[in-house]
Amino acid sequence: MSDFREQIKEDIQLIQKEYGYIDDKIQRDEYAFNYWVLSRLYSLDEEIISSYVTDVQDKGIDCFVHYEDTKELYIIQNKYYNDSTNVDRNDVADFLNSPLSILMSGNYKRSEELQRIFDRVHSDSEYKIWLHFYVTNDLHNSDVETLIEQFSFSDERVKAFIGVKYYKLSDIKNIYYGDRFTNRISFTAKLTTRVSATSLDVRPKDYGLDWMIDLRFIMVNVADLFTLYKDAIKHNYELFEENVREFLGTQGINNGIIKTLQSPTDRENFFYYNNGITLICEKCETLRGSEVSSGSDGVRNQYGFKLKNPQIVNGCQTINSIAEVLSHCNVDELYEEYKKTFVLVKVYVFDKKTKESKDGLDKSIVKYTNSQNGIDEKAFASKINYFSNIQNEFRKRGILLLVKPSDKNKFNVEFKDRLKFVELKQKSKGLFQLFDIDDSKIKNYMIPLEKLLKVFLAFEKDGFYAFTKGSSVLKLNSAYYKDFSLNIDQLLTIDNMIKLYLLFNKAEADKKISEDSRTPIPYYVLGFLGKEFKNMDFVQRNEKLKGVFANKQSMNMIYDFYKNLTSLYTEEYARVNGEEYNKMIKQEIDDALLERLIVQMARYGAGDVVKKFLKK
């Protein structure tokens with residue numbers, strides 16, 4: 001079986017377990033694959049997917065997705081095939097012709113919703129209608145490639161763009177760990193100021209500054225920023241998507257911001273104290289007079305801008321602190337209370353042309369405006385889709401992976417909601433029972449990304465690497481980041497990622513209550529275990545680990561052996577080399593000593609039992 005099909009298989013089993021109550025057809029793997037495609041590749045919630053699945057092999061359509069905000073309709077065909085099953089040319093030919101022909105005739109009966117959507121959008125020239133064909137192997141089929149290349153759909157009634165894409169297993173994997181399809185919400189916001197003199201408008205063409213980009217420096221009242229913040233929430237728009245710091249809670253740096261805003265006498269100095277907010281957007285239109293706003297707001301502000309898809313890339317701490325304080329104020333008194341409280345907002349405009357001519361500049365602005373604020377390089381390294389998608393998969397299993405610096409605070413706030421916490425507990429129930437974890441504390445559900453990567457490094461290399469090279473796993477330009485951290489999917493499935501970490505966590509808990517508070521050494525437990533998996537391919541390794549974690553008895557047997565082995569190794573290393581614990585962990589593993597201890601343990605039967613189990 002291909003490596004990534006093992007991950008798909010694992011995810012499908014989770015779908016069947018968690019959502020079998022929705023539709024009994026989910027128990028068929030090829031049907032459940034539709035749920036997998038829609039949840040993993042198109043970001044739909046499993047609870048609503050049933051209305052988007054038509055049926056297997058139904059006139060070339062298995063399921064569909066409609067993103068109204070971005071004007072995209074996806075018509076999808078899925079083939080859950082093994083490594084040796086080739087895609088039939090006729091299946092692809094049917095898919096390229098039948099769905100559109102039937103939908104154009106208005107006679108598609110399997111989904112009235114899809115027919116209604118198609119009837120409404122096919123004449124809209126701004127719409128894109130995609131035919132997506134997925135197959136779970138990488139067999140080369142030149143006939144299929146020719147069909148795709150030569151595809152064209154001609155009907156004068158259709159004004160929408162019609163496109164087709166064929167995805168092999170390797171392509172599917174790239175979406176799963178990379179850019180998943182999402183319904184990107186379009187959002188327009190107003191950013192207003194008193195008069196034009198309270199805004200520095202740098203228009204490159206007007207000022208003979210052709211090498212610059214369009215930008216604004218605006219003096220904005222905090223109440224107006226609070227309105228923008230609330231409007232984004234109302235429209236379910238991610239205002240901080242590009243921000244690496246995000247909101248870290250009301251401690252530390254935020255206390256100063258909050259105290260200043262709360263002080264009736266000091267808040268007028270907020271403009272001087274604060275470094276301001278940096279924002280990027282796709283479009284910026286100037287507003288004047290009555291265009292700015294209405295009512296009392298229009299009296300205060302006569303100048304401003306309409307921004308398309310704004311993103312706060314620096315200043316998340318500031319705007320969240322503003323929201324924290326102003327949310328407790330009476331709405332009718334808000335502007336009067338904060339009439340003297342302003343903040344500087346820098347707006348950089350990246351339209352399509354600017355993005356092409358200044359390729360990468362928007363990302364650099366995110367990086368450098370944050371790097372001046374004590375943001376660790378690791379925050380930038382973790383902010384890629386690869387880790388965010390793994391985070392999503394962990395959460396589907398009831399485990400919270402801390403990827404961004406703000407995640408801990410975000411999850412602490414989110415799971416104060418009792419119902420959400422109960423749902424999380426239900427998802428992770430089996431894991432917590434297997435590892436005897438207290439499920440009453442939200443912190444026990446959280447796994448820091450850097451620590452997770454160190455655990456995998458110990459398993460793949462050994463404990464020495466975790467101790468001495470672990471600080472490099474999230475350093476952008478390090479070899480360990482590029483060659484190891486960004487390739488953990490080639491080592492482990494999601495389930496085994498979680499279980500290996502929880503095994504490490506179990507060793508950490510035992511270490512805290514041990515007499516010497518030093519053993520077992522958690523990274524050594526994982527490293528010594530990992531030596532048994534060195535020469536296995538992906539499927540063998542993960543199937544064997546699945547056996548290790550199959551039940552508490554087998555897991556504890558393996559764990560106890562390696563737990564005791566680390567303690568023996570520590571004692572014997574000190575006796576032979578005369579080096580204490582802190583020096584030992586900075587030295588490479590003495591494989592000869594380790595093997596001798598394993599033989600010694602085998603005399604008492606323990607080693608033999610473990611070896612036989614792992615070699616089954």
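Count residues from 1 along the sequence. Computed from a prediction, not measured in an experiment: that's the story for all the values here. Quick note: numbers below take in every heavy atom, side chains included, and nothing from hydrogens, waters or symmetry partners.
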- Item | Audit row: Tyr177, Gln7, side chain to side chain contact (heavy atoms under 4.5 Å, CB included) steps and yes/no | CA-CA 11 Å; Tyr177 286 110; Gln7 182 61 62; 4.1 Å; yes
- Task: Evaluate the criterion side-chain hydrogen bond (donor to acceptor under 3.5 Å, both in side chains) for residue pair Tyr52 and Asn34; output intermediate values, then yes/no.
- Result: CA-CA 9 Å; Tyr52 295 93; Asn34 291 301; over 6 Å; no
- Message: Determine whether Tyr386 and Ile390 satisfy the following criterion, side chain to side chain contact (heavy atoms under 4.5 Å, CB included), listing intermediate values before the conclusion.
- Response: CA-CA 6 Å; Tyr386 182 74; Ile390 291 174; 3.9 Å; yes
- What do the steps show when you test Lys79 against Gln77 for side-chain hydrogen bond (donor to acceptor under 3.5 Å, both in side chains), and what is the final call? CA-CA 7 Å; Lys79 297 295 183 185; Gln77 170 71 209; 3.3 Å; yes
- Query: Given the rule in the side-chain hydrogen bond (donor to acceptor under 3.5 Å, both in side chains) test, do Glu6 and Asn542 qualify, once you have shown the distances and angles that lead to the verdict?
  - Reply: CA-CA 9 Å; Glu6 185 72 12; Asn542 284 282; over 6 Å; no
- Could you walk me through whether Glu450 and Val473 pass side chain to side chain contact (heavy atoms under 4.5 Å, CB included), step by step? CA-CA 7 Å; Glu450 184 178 23; Val473 292; 3.9 Å; yes
- Could you walk me through whether Asn535 and Gln540 pass the side-chain hydrogen bond (donor to acceptor under 3.5 Å, both in side chains) check? CA-CA 9 Å; Asn535 298 317; Gln540 289 175 319; over 6 Å; no
- Query: Val87 and Val92: side chain to side chain contact (heavy atoms under 4.5 Å, CB included), yes or no, with the steps?
  - Reply: CA-CA 8 Å; Val87 173; Val92 178; 3.6 Å; yes
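Looking only at side-chain heavy atoms (C-beta outward), Asn78 and Ile76 come within less than 4.5 Å of each other. Proximity of Ile185 to Thr70: side-chain heavy atoms (C-beta onward) are nowhere separated by under 4.5 Å. Looking at heavy atoms from C-beta onward, Ile442 lies in side-chain contact with Leu400 at the 4.5 angstrom threshold.
Across all non-hydrogen atoms, the minimal contact from Asn86 to Tyr81 is O-CE1, 4.0 Å. Minimum heavy-atom separation, Lys586 to Phe464: O-CE1, 3.2 Å. Contact between Tyr176 and Leu41 at its shortest, heavy atoms only, is N-CD2, 4.1 Å. Taking every heavy atom of both residues into account, Asn309 and Tyr237 meet most closely at C-OH, 3.1 Å. Pairing each heavy atom of Tyr559 with each of Pro520, the nearest pair is OH-CG, 4.1 Å. Closest approach of Tyr67 and Val65 over heavy atoms only: CE2-CG1, 3.3 Å.
To the nearest 0.5 Å, the span separating CG on Leu169 from CG on Leu139 amounts to 10.0 Å.
Checking side-chain atoms of Ser554 against main-chain N and O of Val548 turns up a donor-acceptor pair under 3.5 Å. Under a 3.5 Å cut-off, the side chain of Asn444 and the backbone N or O of Asp438 do form a donor-acceptor pair. No donor-acceptor pair closer than 3.5 Å links the side chain of Ser472 to the backbone N or O of Lys475. Side-chain atoms of Asp462 do not come within 3.5 Å of backbone N or O of Ala458 as any donor-acceptor pair. Although no hydrogens or angles enter the test, the distance criterion places no donor-acceptor pair under 3.5 Å between the side chain of Ser428 and the main chain of Ile399. Distance alone, capped at 3.5 Å, is enough to place a donor-acceptor pair between the Asn389 side chain and the Gly178 backbone. Formation of a donor-acceptor pair under 3.5 Å by the Asn487 side chain with backbone atoms of Asp483 is found in this model. Side chain of Gln16 to main chain of Ile26: a donor-acceptor pair is present (N/O by atom type, distance under 3.5 Å, no hydrogens or angles). At distances below 3.5 Å, at least one donor-acceptor pair connects side-chain atoms of Asn577 with backbone N or O atoms of Tyr573.
Applying the side chain to side chain donor-acceptor pair (under 3.5 Å) test to Glu356 and every residue at least two apart in sequence or in another chain returns nothing. Here Asn82 pairs with Arg5, Ser84, Thr85 under the side-chain contact (heavy atoms from CB on, under 4.5 Å) rule; sequence neighbours left out. Take Thr146 and apply the side chain to side chain donor-acceptor pair (under 3.5 Å) test, not counting sequence neighbours, and it matches no residue. Tyr134 pairs by the ring-ring contact (aromatic ring centres under 6.0 Å, His included) definition with Tyr167, not counting sequence neighbours. For Glu543, the side chain to side chain donor-acceptor pair (under 3.5 Å) test picks out no residue, with sequence neighbours left out.
Using a cut-off of 4.0 Å between Lys/Arg side-chain N and Asp/Glu carboxylate O, Lys168 and Asp171 are scored as salt-bridged. Using a cutoff of 4.0 Å between basic side-chain nitrogens and carboxylate oxygens, Glu460 and Lys454 are not scored as salt-bridged. Taking the charged nitrogens against the carboxylate oxygens, Lys552 and Asp436 do have a contact shorter than 4.0 Å, which makes a salt bridge. Salt bridge absent: Lys429 and Asp439 never bring a charged side-chain N and a carboxylate O closer than 4.0 Å.
Heavy-atom neighbours of Gln553 CD from other residues, nucleotides or ligands within 6.0 Å: at or below the threshold of 12. Summarising the local packing, NZ of Lys358 is surrounded by more than 12 heavy atoms from other residues, nucleotides or ligands at distances under 6.0 Å. Within 6.0 Å of NZ on Lys396 lie more than 12 heavy atoms contributed by other residues, nucleotides or ligands.
Across Asp495, Leu500, Ile558, Leu431, a single residue satisfies side-chain contact (heavy atoms from CB on, under 4.5 Å) together with Phe549, and that is Leu500. Here the options are Lys17, Arg40, Arg397, the test is salt bridge (Lys or Arg N to Asp or Glu O under 4.0 Å), and the partner is Glu10; only Arg397 passes. Tested against Asp591, the residues Lys534, Lys531, Arg596 include a single salt bridge (Lys or Arg N to Asp or Glu O under 4.0 Å) partner, Lys531.
Checked against the 6.0 Å centroid threshold, Tyr166 and His132 do not count as a close aromatic pair. Residues Phe533 and Phe459 place their aromatic rings such that the two centres sit under 6.0 Å apart. Taking the six-membered ring where the residue is Trp, the centroids of Phe64 and Tyr74 are separated by 6.0 Å or more. Tyr523 has its ring centre less than 6.0 Å from the ring centre of Phe467. The aromatic ring centroids of Tyr445 and Phe421 lie less than 6.0 Å from each other. Residues Tyr480 and Phe484 place their aromatic rings such that the two centres sit no closer than 6.0 Å. In this structure, Phe561 has its ring center no closer than 6.0 Å to that of Phe528.
Here salt bridge (charged side-chain N to carboxylate O under 4.0 Å, His left out) pairs that include residues 496-511, with residues two or more places apart or in two chains, are Lys451-Glu508, Asp510-Lys563.
Side-chain atoms of Asp138 and Ser170 include a donor-acceptor pair closer than 3.5 Å. For the 3.5 Å distance criterion, the side chains of His66 and Glu72 fail to qualify, holding no donor opposite an acceptor.
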